[in-house]
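I have placed the structure first, in the form of structure tokens, so that the comments after it can refer back to it.
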Amino acid sequence: MPDNHVPEFREVFEMFTNMPGLQLFFLALFAGTWLIGVNILVARHYRRIGKSAWSGFRPFAFPWKNFNAREWRTLLALAVISLTFAMIAVSLNPK
């Protein structure tokens with residue numbers, strides 16, 4: 001009995017290839033801003049407290065409890081900027 005709720009890879013690939021170029025651009029900006037920005041933020045946090053920048057990539061490494069106010073503001077700014085890119089990408093949906 002096939003499960004119709006799980007999309008196949010082909011369907012996911014077609015979903016992205018059918019998107020307009022500008023929508024893909026803003027989707028990439030959303031993902032890149034969040035993923036790269038948060039990784040840089042966490043690496044800089046660990047350097048600030050005197051640990052290796054790679055300490056944040058250990059399992060169960062939660063730097064959030066030791067963030068200072070500047071790091072919290074940076075995280076908030078990253079969230080606002082990346083979610084703005086996501087909203088623009090969603091608003092460009094032709095359907």
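- When the side chains of ILVMFWY residues are joined at heavy-atom separations under 4.5 Å, either directly or via intervening members, Val90 and Met19 end up in two distinct hydrophobic clusters.
- A single hydrophobic cluster is seen to contain both Leu83 and Leu27, as judged by linkage of ILVMFWY side chains at heavy-atom distances under 4.5 Å, directly or through other members.
- Across all their heavy atoms, Asn66 and His45 have their closest contact at O-CE1, 3.3 Å.
- At a threshold of 4.5 Å between side-chain heavy atoms, the hydrophobic network of Ile, Leu, Val, Met, Phe, Trp and Tyr places Phe85 and Met87 in two separate groups.
- No more than 12 heavy atoms of other residues, nucleotides or ligands shown are found within 6.0 angstrom of CD1 on Ile36.
- Between atom CG of residue Leu78 and atom CD1 of residue Ile40 there is a gap of 9.0 Å, rounded to the nearest 0.5 Å.
- In terms of hydrophobic clustering, with Ile, Leu, Val, Met, Phe, Trp and Tyr side chains grouped at heavy-atom distances under 4.5 Å, Val42 and Ile49 are assigned to a common cluster.
- Closest of all the heavy-atom pairs between Ile81 and Thr33 is CG2-CG2, 3.9 Å.
- Judged by distance alone, with hydrogens and angles left aside, the side-chain atoms of Arg58 form a donor-acceptor pair with the main-chain N or O of Ser55 at under 3.5 Å.
- With rounding to the nearest 0.5 Å, the separation of CG in Asn39 from CZ in Arg44 is 13.5 Å.
- Nearest heavy-atom pair, Ala89 versus Phe26, reported as atom, atom and distance to 0.1 Å: CB-CB, 3.8 Å.
- Between Glu71 and Arg48 a salt bridge is recorded (basic side-chain N to carboxylate O distance below 4.0 Å).
- The two residues Tyr46 and Ala53 come nearest to each other via the heavy atoms CB-CA, 4.3 Å.
- Residues Trp72 and Trp64 come closest through the heavy atom pair CZ2-O, 3.3 Å.
- Other residues, nucleotides and ligands contribute more than 12 heavy atoms inside 6.0 Å of the CZ atom of Phe67.
- A pairwise comparison of heavy atoms in Phe30 and Ser82 identifies CD1-O, 3.0 Å as the closest pair.
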